[in-house]
Amino acid sequence: GQNIDQPTEMTATEGAIVQINCTYQTSGFNGLFWYQQHAGEAPTFLSYNVLDGLEEKGRFSSFLSRSKGYSYLLLKELQMKDSASYLCAVRDPLTGANNLFFGTGTRLTVIP
Amino acid sequence: DVKVTQSSRYLVKRTGEKVFLECVQDMDHENMFWYRQDPGLGLRLIYFSYDVKMKEKGDIPEGYSVSREKKERFSLILESASTNQTSMYLCASTSQINEKLFFGSGTQLSVL
């Protein structure tokens with residue numbers, strides 16, 4: 001089976017740094033994704049990790065530890081527009097074509 | 001840019017009606033997916049397709065069927081809509097070699 005856990009809600013201040021954690025237990029593993037979803041909109045791709053370590057992309061970074069079944073998304077220099085849900089998803093190659101299993105998402109609220 | 005288009009943004013149907021949700025992608029992607037998204041449950045996979053006329057059940061296929069007669073089009077069918085099928089429905093696509101899913105903007109379906 002697949003189980004992906006992430007906090008339900010987080011609040012952070014504009015200009016600060018926030019870390020959103022994700023832990024997973026899946027039958028197989030072939031990559032972990034982070035998506036951003038603004039209210040009422042489609043999820044959009046943020047990052048992809050398949051090897052251990054940190055991937056940096058501008059203000060956003062994502063970290064993966066496969067041995068621990070753990071990832072985090074780091075958002076720096078927070079802006080009001082970063083208020084959104086952040087979805088962690090794991091690709092399990094044992095379950096079919098590029099299939100992703102999603103966590104329930106973390107709703108981030110950025111306050112002034 | 002990849003475009004995934006869902007035919008309706010909002011849809012209201014009555015219990016027992018047959019409902020068709022249409023999804024079209026313009027990037028010649030092999031794989032297409034239907035998810036539903038509910039508060040507190042995240043995205044759950046209903047069905048996916050990895051080729052024309054091919055389909056596979058996801059985690060929650062009961063009450064749904066799909067059709068993929070052409071590569072660019074993937075339809076979700078609710079044979080007899082029920083109130084517990086009120087949800088946001090998201091279509092997505094990806095190629096065999098591309099890692100990320102591209103999502104449509106979603107259809108908010110209300111079954112009364």
Side-chain angles (χ1 to χ4, degrees), chain A residues 1-9 20 22-24 26-27 29-51 55 57 60 62 64 71 73 84-108, chain B residues 1-6 8-10 23 25 27 29-52 54-61 66 68 71 74 87-108:
Chain A
Q2 294 80 22
N3 189 43
I4 301 170
D5 288 318
Q6 50 182 133
T8 304
E9 292 191 22
I20 302 174
C22 172
T23 58
Y24 63 91
T26 55
S27 305
F29 179 85
N30 196 14
L32 186 143
F33 297 75
W34 285 95
Y35 282 82
Q36 180 191 59
Q37 186 178 25
H38 286 99
E41 297 182 11
T44 55
F45 171 79
L46 284 179
S47 69
Y48 170 65
N49 296 68
V50 66
L51 299 176
E55 295 278 344
K57 192 186 293 185
F60 292 6
S62 56
L64 175 67
S71 172
L73 180 70
S85 288
Y86 292 86
L87 313 179
C88 174
V90 174
R91 188 151 63 101
D92 187 340
L94 301 181
T95 56
N98 282 335
N99 194 7
L100 287 186
F101 291 92
F102 285 83
T104 55
T106 299
R107 187 163 62 194
L108 173 67
Chain B
D1 278 352
V2 174
K3 193 162 186 182
V4 180
T5 303
Q6 294 183 230
S8 303
R9 186 71 181 90
Y10 298 96
C23 176
Q25 50 94 4
M27 282 300 291
H29 283 171
E30 288 81 6
N31 304 312
M32 296 187 74
F33 305 80
W34 275 106
Y35 289 88
R36 63 177 282 179
Q37 186 174 31
D38 301 287
L41 296 177
L43 274 78
R44 293 179 293 165
L45 182 66
I46 305 171
Y47 267 98
F48 65 97
S49 169
Y50 52 87
D51 202 351
V52 175
M54 306 301 287
K55 60 184 179 183
E56 294 284 344
K57 292 180 180 179
D59 296 324
I60 51 165
V66 290
R68 187 129 181 241
K71 192 174 186 179
F74 192 35
S87 185
M88 170 67 81
Y89 290 87
L90 289 163
C91 174
S93 74
T94 186
S95 70
Q96 293 285 6
I97 58 173
N98 192 318
E99 304 292 349
K100 57 187 176 183
L101 284 178
F102 294 88
F103 285 89
S105 53
T107 297
Q108 179 63 52

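This is a predicted model, so every value here is computed, not measured. We name chains A, B, ... by the order of the sequence lines, and we start the count at 1 in each one.
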Point to revise | Region of A:Leu87 that comes under 4.5 Å of a non-hydrogen atom in chain B | key: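 Interface part for A:Leu87: side chain.
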
Practice item. Give the intermediate values and the outcome of side-chain hydrogen bond (donor to acceptor under 3.5 Å, both in side chains) for residues B:Thr94 and B:Asn31. Key: CA-CA 5 Å; B:Thr94 186; B:Asn31 304 312; 5.4 Å; no

Exercise for review: Name the member of A:Pro43, A:Gly105, A:Ala42 that forms the most heavy-atom pairs with chain B at distances under 4.5 Å.
Suggested key: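 Among A:Pro43, A:Gly105, A:Ala42, the one with the most close pairs to chain B is A:Pro43.
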
Review point. So what's closer than 4.5 Å to chain A heavy atoms on B:Gln37: side chain, backbone, both or neither?
Key: side chain

Revision key, fill the gap. Honestly, the part of B:Leu43 sitting under 4.5 Å from a heavy atom of chain A is both

Review point. Are the side chain of B:Gln6 and the backbone N or O of B:Cys91 linked by a donor-acceptor pair below 3.5 Å?
Key: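 Such a contact is found between B:Gln6 side chain and B:Cys91 backbone.
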
Check your understanding: Can you say whether the rings of B:Phe74 and B:Trp34 are parallel (under 30°), tilted (30 to 60°) or perpendicular (over 60°)?
Key ->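 Correct class here is tilted.
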
Point to revise | Those residues that, when tested against A:Thr106, pass side-chain hydrogen bond (donor to acceptor under 3.5 Å, both in side chains) (two or more places apart) | key: A:Gln6

Check your understanding: Under the salt bridge (Lys or Arg N to Asp or Glu O under 4.0 Å) rule, what pairs show up with a residue in residues 32-43 of chain B, not counting sequence neighbours?
Key ->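 Matches after skipping sequence neighbours: B:Arg36-B:Asp38, B:Asp38-B:Arg44.
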
Point to revise | Among B:Ala92, B:Ser105, B:Gly42, B:Gly104, residue most engaged with chain A (heavy-atom pairs, under 4.5 Å) | key: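 Counting heavy-atom pairs under 4.5 Å, the top option is B:Gly42.
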
